[in-house]
Number of protein chains: 2
Amino acid sequence: MIKMKEIAELAGVSISTVSNVLNGRKNVGQATRERVLQICSEYGYHPNLSGKKAKSANSNTIVFVFSDFDRDFYLKIIEGISDCLTENGYDLMICTNKSAANFMRGSLASGAIILDGSLTDDFLISVAKPDFPVVLMDRIIRNEQAETKSVIVDNYPVMCEMVQGLVDKGFKRFGFIGGLDFTLDNQERYAGFTDTLAKNNIEFDRKYYFHGNYREKSGYQAAKIMLLSNDLPEVVVCANDNMAIGAIKAFEENKIRVPDDISVTGFDDSVLAEMKGLTTISIPRYESGYLAAKELLAMLEGTANKEPFKLGATIKWRKTVK
Amino acid sequence: MIKMKEIAELAGVSISTVSNVLNGRKNVGQATRERVLQICSEYGYHPNLSGKKAKSANSNTIVFVFSDFDRDFYLKIIEGISDCLTENGYDLMICTNKSAANFMRGSLASGAIILDGSLTDDFLISVAKPDFPVVLMDRIIRNEQAETKSVIVDNYPVMCEMVQGLVDKGFKRFGFIGGLDFTLDNQERYAGFTDTLAKNNIEFDRKYYFHGNYREKSGYQAAKIMLLSNDLPEVVVCANDNMAIGAIKAFEENKIRVPDDISVTGFDDSVLAEMKGLTTISIPRYESGYLAAKELLAMLEGTANKEPFKLGATIKWRKTVK
DNA sequence: TTGTAAGCGTTATCAT
DNA sequence: ATGATAACGCTTACAA
């Protein structure tokens, strides 16, 4: 690893001249500039980022934290983030929750985008400062001190719309398989569900609420439990696709046909949902990543409000609903 | 961001004492140690990694580079890498090809794992030095100077085994949809295919080789072309699942039933393959990531040979083969 | 246009 | 047991 000092010696100039050349400052003679550049490429010089950052806290790198390896749409989100950052001259560095604290606190990056439930609110509040803004995806932290901004799916209205659609189709007996109770997503989705039923004077007995954890298996198990009772609902609304797919599997194993005997809906529009023909709600993943990055850059420039940004979603009616 | 200097002042000790406490050195009095630790947690001190690295080039972080956002098995590989590194006290930092040069050359990391076709051999050779070893996944670079090690799927024997299986089932007229010609994977898979046919005295007319690029669409198009001729093969062996799925789609659109009229096989065992009941070859993803990380750590310790590490794969006979 | 020197937040050596 | 002090590789006033 050749360093600036050696380049300077080879070029017969001072270290600061090399630095000036490399940073494109104009106070360098044409001849010197070319000579330095020539030597740099000849010897394969590349700046040591640690040295750089040690001095000018301005790192131009953003960290993205995730950790649930089961959600296949991470890649699309990352692609959106990556594109936006690249367009703006920033580097993206991705890590899992395990290294998050190190990278977020070590001043290697200038901001972070979080799509992870395992980092605590307290931790996030402690790192999200004006000089290290944080964008939260699918999550909201209400704290005046913390420099956070949320980018979330606007679950409520689209869930209302879908449930209203189901009501209009004539469904009366509903079941609901929920995700993790404490997540914002689940709360809003469930609220849209119950509110719409209430509005239509359809009673929802809480015994038809089944607790899941967003994984396929939990949907499968919820459906298994449902099957034990003698009165299945006419339609099961699930808080995400994975659970819907699990539920369908359980029904089919028990000779309950979807949608003939029971209808099922999901949320997310994952690859599998499309494949299975699952009625669900489609979220703009790439766009959400792009937007999250854009908001973060705005925060870095001080031009951003802290109101949650709500992403619209759209219903995909497919064949799992009669 | 409070720094060591301020902690030192608050504790009424010198900066070096704080450093000693933080790095668990034993040359510090019990009372001092406790006082310093207390103040650190009280003021939320966290070391600045740039400062750290500026001094002691030993970073304990590994970078993983990928960039094809269409391959759904990245996450499993990352999980494997992440687990191995975490167990060994390393941090994982993931990036796409766009930032790869920065992170690999900036001395932020001590080694890299590459799963990306867009980084050139030349680039990789230029960074892979004894003090910055590189593990390549699904790719081999033969260069004595470069400190690289490959972790690859042992395509050949398993492909032979599968094709032999097909021959044993009585298939005689084969088609092959290849991936990108220059990739090692494609070359080995195709070699296993032709060699096995030759061994069984089955002639393979090169006109039944179709060029694809590993994407679903290219498989679809290859099948479309096949359909134009009047003699379809009895079985189409594809270099990966995506293309196999595309081909199946094309066949079904043209009322050619799989497997009744034509059999199809893939390679990878992706989520979709399982879903579609595609006969394919399963690669141990999590394990391959774990192993790649393990090999990298071994290189870092100087205990590793440079022979490619070959991962075994297994056939999954499913319903797309008659 | 170019160079000198101070400083970034750490670690490590060597006195004390 | 503790503290000066140099050093890491770079940037940036400021001086020449």
Side-chain angles (χ1 to χ4, degrees), chain A residues 1-37 39-40 43-61 91 102-110 131-132, chain B residues 1-37 39-40 43-61 91 102-110 131-132:
Chain A
M1 296 292 108
I2 191 166
K3 357 185 167 165
M4 262 184 55
K5 189 178 175 198
E6 317 177 48
I7 297 289
E9 282 162 7
L10 287 163
V13 297
S14 80
I15 229 180
S16 38
T17 298
V18 177
S19 172
N20 285 332
V21 169
L22 263 28
N23 292 5
R25 282 183 254 279
K26 44 310 202 77
N27 57 344
V28 187
Q30 186 58 21
T32 320
R33 153 164 285 118
E34 277 167 13
R35 185 155 32 95
V36 169
L37 254 19
I39 295 184
C40 282
Y43 288 82
Y45 170 79
H46 292 281
N48 178 314
L49 296 194
S50 303
K52 226 174 178 135
K53 293 181 187 174
K55 185 63 186 177
S56 64
N58 187 9
S59 68
N60 263 37
T61 117
D91 282 318
N102 273 338
F103 293 152
M104 294 176 71
R105 285 184 165 145
S107 310
L108 291 183
S110 26
D131 64 342
F132 191 87
Chain B
M1 294 293 108
I2 191 164
K3 356 182 170 167
M4 263 185 54
K5 189 178 173 198
E6 316 178 48
I7 297 290
E9 282 162 7
L10 286 163
V13 297
S14 80
I15 257 188
S16 18
T17 298
V18 177
S19 173
N20 285 332
V21 169
L22 262 28
N23 292 359
R25 282 184 252 282
K26 44 312 200 83
N27 59 343
V28 187
Q30 185 59 22
T32 319
R33 154 164 283 116
E34 278 167 11
R35 184 153 34 92
V36 169
L37 254 19
I39 294 184
C40 282
Y43 288 82
Y45 170 80
H46 292 280
N48 177 315
L49 295 196
S50 303
K52 225 173 179 133
K53 291 180 187 173
K55 186 64 185 175
S56 64
N58 188 8
S59 68
N60 262 38
T61 115
D91 281 318
N102 273 338
F103 292 152
M104 293 175 73
R105 285 184 164 143
S107 311
L108 290 182
S110 28
D131 64 342
F132 190 88

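Side chains are part of it too, since the values below use all heavy atoms of this structure and drop only hydrogens, waters and symmetry mates. Residue numbers begin at 1 in each chain, while the letters A, B, ... track the order of the sequences.
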- Apply side-chain contact (heavy atoms from CB on, under 4.5 Å) to the pair B:Val18 and B:Tyr45, showing each step before the final yes or no. CA-CA 11 Å; B:Val18 177; B:Tyr45 170 80; 5.8 Å; no
- side-chain contact (heavy atoms from CB on, under 4.5 Å) between B:Ile2 and B:Leu10: does it pass, once the steps are laid out? CA-CA 11 Å; B:Ile2 191 164; B:Leu10 286 163; 4.2 Å; yes
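Within residues 5-17 of chain A, the residues having any heavy atom closer than 4.0 Å to DNA chain D are, in order of number, A:Ser16.
Phosphate proximity of D:dC10 to A:Tyr45: present, with a side-chain N or O under 4.0 Å from OP1 or OP2.
Protein atom CG of B:Asn60 is 13 Å distant from nucleotide atom P of C:dT11, rounded to whole Å. When the P atom of D:dA1 is taken as reference, atom NZ of B:Lys26 falls 11 Å away, rounded to whole Å. Computed from coordinates, the A:Asn27 CG to D:dA15 C1' distance equals 13 Å when rounded to whole Å. One can place CG of B:Leu22 at 15 Å from C1' of C:dA12, the figure rounded to the nearest angstrom. In this structure, B:Lys3 atom NZ and C:dC8 atom P are separated by 7 Å, rounded to whole Å. Across the protein-nucleic acid pair, B:Leu49 atom CG and D:dC10 atom P stand 18 Å apart, rounded to whole Å. Atom CG in A:Asn48 sits about 17 Å away from atom P in C:dG9, given to the nearest Å. Atom CD in B:Gln30 sits about 11 Å away from atom P in D:dA1, given to the nearest Å.
Heavy atoms of A:Asn23 sit under 4.0 angstrom from primed sugar atoms or phosphate atoms, though from no base atom. Residue-level contact check: B:Arg25 touches the backbone only, with heavy atoms under 4.0 Å from sugar-phosphate atoms and none from bases.
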Please output the side-chain donor-acceptor pairs of residues 23-33 of chain B that fall under 3.5 Å, not counting sequence neighbours, one pair per line with the distance.
unit_1	atom_1	unit_2	atom_2	d
B:Arg25	NE	B:Asn20	OD1	3.0
B:Gln30	NE2	B:Glu34	OE2	2.8
B:Arg33	NH2	B:Arg25	O	2.7

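Listed here is the closest heavy atom pair of B:Gly106 and A:Asn48: O-OD1, 3.5 Å. The minimum heavy-atom distance between A:Leu49 and B:Asn102, with the atom names listed, is CD1-O, 3.8 Å. Scanning all heavy atoms of the two residues, the minimum distance from B:Ile15 to B:Met4 falls at O-CE, 3.1 Å. A:Ser50 and B:Leu108 make their closest contact through OG-CD2, 3.6 Å (heavy atoms, listed as atom of the first residue, atom of the second, distance).
For A:Thr32, taking side-chain heavy atoms from C-beta onward, the closest of the listed nucleotides C:dT10, D:dC10, C:dT2 is C:dT2.
Using five terminal pairs a side, the axes of the helix from C:dT1-D:dA16 to C:dT16-D:dA1 at its two ends make an angle of 40°, given in steps of 10 degrees.
The side-chain heavy atoms of B:Leu37 and B:Val21, taken from C-beta on, include a pair separated by under 4.5 Å. Side chains of A:Leu22 and A:Cys40 form a contact here, defined as non-hydrogen atoms less than 4.5 Å apart.
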